Amino acid sequence: MHDEECYKKLVGPTHLRRYGQYFTPEPLARLMARWLDQVKPKKVLDPASGNHVFARSLLDIGSAAHIVEFEIDPIIASEFPTPANAETFCQDFLLSSWSEQYDGIIANPPYMKFQLIENRDAIRKNFVRHHESVPNWQSNIYVLFLLKALRQLQDAGRMIFLVPHDFLDSKSGNLLKAELVRTRCLEGVISLEQFDGDIFPEALTSSSLLKISGKVNDAVYFSRPKNSFELEEAVMTDGIGKQVPYGSLLVEAKWGTYFSGKDLVNSEWRIGDFVEVKRGIATGANEFFILSPSHAKTLGICEHELTDVVSKSSLIKGAEFNTSHMERLIESDSKCKLFTPKERLSEGAWAYVHAGEEAGWHKKYLCAARKEWFRSETREPAPIWVSQASRGNIRVVRNRSDALNLTTFHGVWPSKFLGLTADSVFALLISEIGQDSLLRSVKRMANGLLKIQPGDLKAVNSPNLIKDPAALRELDRLGARIGSDLSSHLGELEQINKIVAQLL
């Protein structure tokens, strides 16, 4: 058993979360150390030393650097002895001197929300005293580590950080992105979200390596290595990945889009110009509101007090959901009925409501906020569903049934005023350009999970769908022919791709 595993058992998960501790794999730490040591630094900072993996890695590769470490957790400091090339200060790096300079900085800073930090008031006051810009205090603490370390890097020095991927696409990361753009010190961003080995199996987010130098750079290289060979090349070699000049690097943009090998779609139109997007129905108590047909019958709930619903994305196997699919869910007695009582409740419905109150469902947050707790949102069936969480591509489903959707999907309604059809918009969203545009708006989470919110969906780039009526009619015709299995419609998909490309 590795020392790290012994330590995890010793302190337990609560302690690990308290200090935001995630151990850096030694092969990755050694690779980071090799890149840092290319400039032969004399004095290297590790602001969150933990198990001293970076000091040990620098020692192992023969670096002559002296390592200055900071560690706030006295337990981990006592469990892992300080290497001969390092000195450890048992204090919070965020409260340490801002004037001390280093020609090398290497770190895997703690990952935890700032609101959970016990000494956050002292950190806030100290940060405001030394930094002219005020951070978003809702952000993660690793952002503060980066901002402070940037101020302590010498000219011609190097800095490499292993951080979560989320700051690239979140508003809370805009101050950090603005600082990186202002100083033009960022050389490369290496995303590990598609790497074939687990970096942090316990963490809930993907990770990235930031290569930073004390010089002024012309561009940033965004790369997404898939294996160890590509990772070593991306770390050790300059100019690997998609080149984005600093003049094109937008602070407000989602930087996750820059990893694509394709150019950004330069369109003045957005999907939200042509459709309405709403999140799925939030019942506030799915266990009460979602029933199987047999259970509803046993309860004496009338059929007109139930509405067909898709409660989980796993109930849909392809790109189309029709009445036959719904009938199969009903026949298999799946939980596919939403309790939607009318103004006058049947005897069975009243009994079910009273039983729900006895069970305490009416006290749930969303239920308690309603005038009548047992009446969830009313909604017309959405003809297009877009999954709020996907892997690979963003899942788009053409709903050809009268079923409603819960929050696992967002609902999309094409504008009838503009004369758009569901099949034409569906065709756009499943096209190569449509999927590429969707992927530019997602938030990338752990292990390749992609999340998209209604606002993100409405902001997706789109061609002008109403400028060419003939092309729109053809998209409508082709979209109507697409069934559940997209692999059976490669000819139609090829034609859709050509039409969407022409519309751009």
Side-chain angles (χ1 to χ4, degrees), residues 265 267-281 307-310 313 316-326 378-388 390 393-405 409-438 441 452 454-504:
V265 178
S267 172
E268 61 183 285
W269 299 90
R270 301 292 180 266
I271 287 291
D273 296 325
F274 305 103
V275 304
E276 182 180 10
V277 181
K278 293 182 180 179
R279 58 163 176 75
I281 293 173
T307 303
D308 293 343
V309 69
V310 171
S313 61
I316 301 177
K317 301 304 180 185
E320 179 193 46
F321 186 79
N322 56 39
T323 53
S324 296
H325 295 127
M326 190 68 229
T378 57
R379 192 78 55 83
E380 290 295 319
I384 300 170
W385 295 333
V386 177
S387 181
Q388 62 92 16
S390 305
N393 284 346
I394 299 299
R395 191 175 185 199
V396 180
V397 177
R398 177 68 170 94
N399 176 27
R400 304 185 193 279
S401 74
D402 292 326
L404 300 177
N405 60 289
F409 288 105
H410 303 311
V412 177
W413 290 263
S415 170
K416 294 179 181 178
F417 175 76
L418 296 175
L420 293 172
T421 65
D423 285 321
S424 60
V425 174
F426 171 64
L428 166 68
L429 294 176
I430 63 173
S431 70
E432 288 183 355
I433 288 174
Q435 283 290 308
D436 187 57
S437 295
L438 285 168
S441 293
I452 189 166
D456 301 325
L457 184 50
K458 287 189 283 188
V460 166
N461 282 302
S462 170
N464 183 354
L465 289 175
I466 59 175
K467 76 172 185 179
D468 189 338
L472 192 61
R473 286 194 297 272
E474 187 63 9
L475 277 182
D476 177 59
R477 183 186 71 83
L478 292 166
R481 296 180 61 178
I482 301 294
S484 291
D485 185 6
L486 291 180
S487 63
S488 300
H489 298 277
L490 297 180
E492 288 92 342
L493 289 171
E494 184 177 356
Q495 294 177 64
I496 288 171
N497 289 334
K498 289 180 179 179
I499 294 171
V500 174
Q502 289 168 2
L503 285 174
L504 281 175

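Because the structure is a prediction, the values reported are computed rather than measured.
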Are any non-hydrogen side-chain atoms of Asp402 and Met326 less than 4.5 angstrom apart? no

With His410 via ring-ring contact (aromatic ring centres under 6.0 Å, His included) - residues at least two apart: none

Could I get the full list of ring-ring contact (aromatic ring centres under 6.0 Å, His included) partners for Trp413, not counting sequence neighbours? none

Separation of Ser431 OG from Leu478 CG (nearest 0.5 Å): 11.5 Å

Expected output: side-chain Asn461 to main-chain Ser437 donor-acceptor under 3.5 Å: no

Test log, rule side-chain contact (heavy atoms from CB on, under 4.5 Å), inputs Val412 and Ile271: CA-CA 10 Å; Val412 177; Ile271 287 291; 5.7 Å; no

Have a look at Ile316 and tell me which of Val310, Asn405, Asn399 forms a side chain to side chain contact (heavy atoms under 4.5 Å, CB included) with it. Val310

Kindly list each side-chain donor-acceptor pair under 3.5 angstrom involving residues 419-429, sequence neighbours excluded, with atom names and distances?
unit_1	atom_1	unit_2	atom_2	d
Thr421	OG1	Ser424	N	3.2
Thr421	OG1	Ser424	OG	3.0
Thr421	OG1	Asp476	OD1	2.7
Asp423	OD1	Arg398	NE	2.8
Asp423	OD1	Arg400	NH1	3.0
Asp423	OD1	Arg400	NH2	3.2
Ser424	OG	Thr421	N	3.4
Ser424	OG	Thr421	O	2.8

Can you tell me how far the OG atom of Ser387 sits from the CG atom of Asn393, to the nearest 0.5 Å? 12.0 Å

Work out which heavy atom in Ala459 is nearest to a heavy atom in Arg270; give both atom names and the distance. O-CD, 2.9 Å

Heavy-atom pair with the smallest gap, counting every atom of Gln435 and Ile430: CG-O, 4.2 Å

Tell me which donor-acceptor pairs under 3.5 Å the side chains of residues 493-504 have, and how far apart each pair is, sequence neighbours excluded?
unit_1	atom_1	unit_2	atom_2	d
Asn497	OD1	Glu432	N	2.9
Asn497	ND2	Leu493	O	3.2

For residues Ile384 and Val275, determine if any side-chain heavy atom of one lies less than 4.5 Å from a side-chain heavy atom of the other. no

Could you check if a side-chain atom of Ser401 sits within less than 4.5 angstrom of a side-chain atom of Asn322, using non-hydrogen atoms only? no

CG (Leu404) and OG1 (Thr307) are apart, to the nearest 0.5 Å, by 5.5 Å

Could you measure the distance from the CZ atom of Arg473 to the CG atom of Asp468? Nearest 0.5 Å is fine. 8.5 Å

Of all the heavy-atom pairs spanning Pro381 and Ala403, show the shortest one and how long it is. CB-O, 3.6 Å

Can you sort out the partners of Ser488 under side-chain contact (heavy atoms from CB on, under 4.5 Å), two or more places apart, ordered by chain and number? Asp485

Are Leu457 and Ile394 packed together at the side-chain level, in the sense that at least one heavy-atom pair is separated by less than 4.5 angstrom? no

Under the 3.5 angstrom rule, does the side chain of Ser415 hit a backbone N or O of Phe274 as a donor-acceptor pair? no

My understanding is that only residues two or more places apart in sequence, or in another chain, count here; which of them pass ring-ring contact (aromatic ring centres under 6.0 Å, His included) with Phe321? His325, Trp385

Nearest 0.5 Å, please: how far is NZ in Lys416 from CD in Glu276? 10.5 Å

At what distance, to the nearest 0.5 angstrom, does CG of Leu472 lie from CD1 of Ile466? 9.0 Å

